[in-house]
Amino acid sequence: VYVRPFRPDQLGTTLHLLVVADTQDEEIGPTCEKDRVRVTKNYRELAQFMGIGFKETAVFGPSYNKKNVEAAIQALRPSPKDIVVFYYTGHGFSNPQDQHQFPHLVLRQASFEPLKENSLNMEIIYSMIKAKGARVNLVMSDCCNSDPSAIAPTMADVTRTRNSGVPWDKNTCQALFMPAKPVSILMTAASKGELAAGNMAYGGFFSYNFKAALDRSLSPFNAMRGVTWDQIIKDAQKQTILKANNTICDIPTVGQKPCVQHPIFRIN
């Protein structure tokens with residue numbers, strides 16, 4: 001297979017990964033840890049595969065708080081040819097009174113700490129990262145987007161089939177992660193007013209399905225199709241909605257019902 005050589009503007013590209021994970025939470029900590037490990041491994045391997053630099057920052061465990069997340073965002077110094085991936089897995093909430101469609105991230109160590117002072121909205125994080133001028137920005141959260149008092153649903157773990165481990169296509173990787181024109185994407189697991197589901201087999205449903213959709217699109221079988229970010233996220237969206245609909249969630253105060261979850265995204 002002919003692999004296109006890097007254009008001059010692609011040489012010296014670095015992928016900057018910032019992962020924020022609420023791994024110490026007793027309810028969702030184990031699934032957040034699963035997400036953190038999987039996402040880190042995935043982007044590290046993508047950078048290796050493309051032959052570009054990789055810089056990783058993680059805020060989790062005892063260092064998990066708003067101050068450290070803000071400091072990590074401030075410290076990002078991408079060049080105009082770089083890729084920035086921000087990934088959050090943890091608790092989120094929405095405020096019915098504000099205009100934000102994307103969730104506020106809960107960045108507190110202890111449940112008695114005030115929520116408002118210890119949260120950051122996804123749209124604000126997105127603006128901060130976009131302003132740094134990288135070529136590609138992926139800003140993603142896997143968290144609830146509903147009333148702060150609502151508790152994330154739980155569901156039984158199910159065994160799942162192993163994915164086939166399809167190889168990636170270098171040209172498709174370059175087209176998505178090193179496009180000629182800059183692209184910025186904001187996405188989250190659930191629409192305003194919805195809870196986000198996950199379990200130990202999958203981690204967060206949206207995170208799992210986004211990775212699966214990305215892997216499918218990078219497969220050599222799709223190399224001729226000219227895959228776009230829009231197609232990848234719509235694929236992940238569709239699979240997440242299906243997975244949620246086919247999973248029984250134990251929702252506090254409501255009881256057992258199918259999970260309802262519609263990921264949302266914005267591409268600039």
Side-chain angles (χ1 to χ4, degrees), residues 1-7 10-11 13-17 19 34-54 56 81-87 89 134-140 142 158-189 198-199 201-246 261-267:
V1 180
Y2 172 72
V3 176
R4 281 190 299 272
F6 283 155
R7 301 186 307 264
Q10 293 173 320
L11 293 165
T13 297
T14 295
L15 193 158
H16 303 259
L17 174 67
V19 173
K34 192 173 184 78
D35 287 338
R36 179 187 77 79
V37 170
R38 183 194 288 138
V39 163
T40 306
K41 178 176 186 285
N42 194 44
Y43 286 105
R44 186 187 293 131
E45 289 178 355
L46 267 169
Q48 269 177 333
F49 179 71
M50 290 190 280
I52 61 174
F54 183 69
E56 171 201 336
K81 58 176 75 170
D82 286 352
I83 304 150
V84 174
V85 178
F86 173 94
Y87 173 79
T89 175
R135 185 201 320 251
V136 171
N137 297 297
L138 298 183
V139 178
M140 175 176 178
D142 200 326
V158 287
T159 51
R160 58 183 174 76
T161 54
R162 296 187 172 195
N163 64 10
S164 55
V166 176
W168 293 329
D169 174 70
K170 270 206 167 91
N171 293 326
T172 309
C173 280
Q174 286 182 27
L176 287 169
F177 287 97
M178 304 175 175
K181 268 175 53 192
V183 62
S184 293
I185 302 167
L186 173 61
M187 51 187 151
T188 197
N199 62 24
Y202 280 83
F205 287 175
F206 181 53
S207 297
Y208 177 84
N209 283 304
F210 177 74
K211 181 189 180 300
L214 184 59
D215 281 345
R216 276 194 293 276
S217 72
L218 295 177
S219 145
F221 303 121
N222 287 322
M224 302 311 291
R225 279 202 4 234
V227 186
T228 65
W229 282 114
D230 187 70
Q231 289 166 328
I232 292 167
I233 304 167
K234 281 181 176 154
D235 181 11
Q237 206 176 26
K238 190 174 113 192
Q239 297 305 327
T240 303
I241 292 166
L242 274 173
K243 173 68 190 149
N245 283 342
N246 289 306
Q261 187 177 337
H262 300 85
I264 52 170
F265 70 99
R266 185 188 295 168
I267 300 182

The criterion is salt bridge (charged side-chain N to carboxylate O under 4.0 Å, His left out); which residues satisfy it with D169, sequence neighbours excluded? none
Could you label the plane-to-plane angle of the F210 and F206 rings as parallel, tilted or perpendicular, counting under 30° as parallel and over 60° as perpendicular? tilted
Rounded to the nearest 0.5 angstrom, the CD1-CG distance for I233 and L138 is 7.5 Å
For residues N42 and K211, report the shortest heavy-atom separation together with the two atoms involved. OD1-CE, 3.6 Å
Working to the nearest 0.5 angstrom, can you tell me the gap between I52 CD1 and L11 CG? 12.0 Å
Smallest separation among heavy atoms of V227 and S217, with atom names: CG1-CB, 3.4 Å
pair L242-N209: side-chain heavy atoms closer than 4.5 Å: no
For L46 and L218, run side chain to side chain contact (heavy atoms under 4.5 Å, CB included): C-alpha distance rounded to whole Å, both residues' side-chain angles, the deciding distance at 0.1 Å, then the answer. CA-CA 10 Å; L46 267 169; L218 295 177; 3.7 Å; yes
Once side chain to side chain contact (heavy atoms under 4.5 Å, CB included) is applied, do any residues pair with P179, and if so which ones, sequence neighbours excluded? R135, V136, V183
Locate the shortest heavy-atom distance separating A134 from V84; write the atom from each residue and the value. CB-CG2, 3.8 Å
With the side chain counted from C-beta on, respond yes when Y87 and T40 share a heavy-atom pair under 4.5 Å apart, and no when they do not. no
One should read off an interatomic distance between R7 CZ and Q174 CD, to the nearest 0.5 angstrom, of 8.0 Å
Shortest non-hydrogen contact from Y2 toward P5: OH-CD, 3.3 Å
I want to check something: taking the side chain as every heavy atom from C-beta on, are K234 and F265 in contact at a cut-off of under 4.5 Å? yes
Main chain of H16, side chain of D82: is a donor-acceptor contact present, judged purely on distance under 3.5 Å? no
For P263, is there any backbone N or O sitting under 3.5 Å from a side-chain donor or acceptor partner on Q237? yes
Once rounded to the nearest 0.5 Å, what's the spacing between atom OG1 of T172 and atom CD1 of I232? 9.0 Å
Minimum heavy-atom distance F177-L214, with the two atoms named: CZ-CD2, 4.3 Å
Report yes or no: does D35 contribute a side-chain atom to a donor-acceptor pair with the main-chain N or O of T89 at less than 3.5 Å? no
When rounded to the nearest 0.5 angstrom, what distance separates OH in Y208 from NZ in K34? 9.5 Å
Residues at least two apart in sequence or cross-chain that pass ring-ring contact (aromatic ring centres under 6.0 Å, His included) with F49, listed by chain then number, are W168
Checking Q10 against R4 for the side chain to side chain contact (heavy atoms under 4.5 Å, CB included) test, could you report, in this order, the C-alpha distance in whole Å, the side-chain angles of both residues, the deciding distance, and whether it holds? CA-CA 11 Å; Q10 293 173 320; R4 281 190 299 272; over 6 Å; no
For F86, which residues count as a ring-ring contact (aromatic ring centres under 6.0 Å, His included) partner, sequence neighbours excluded? none
Quick one: side chain to side chain contact (heavy atoms under 4.5 Å, CB included) partners of N245, sequence neighbours excluded? I241
Which pair of non-hydrogen atoms, one from G53 and one from A47, has the smallest distance, and what is that distance? O-CB, 3.9 Å
How would you list, by chain and number, every residue that makes a salt bridge (charged side-chain N to carboxylate O under 4.0 Å, His left out) with K41, sequence neighbours excluded? E45
Quick check for you: to the nearest 0.5 Å, what is the distance between Y202 atom OH and T240 atom OG1? 11.0 Å
Can you find a heavy atom in the side chain of T14 that is under 4.5 Å from one in the side chain of I83? no
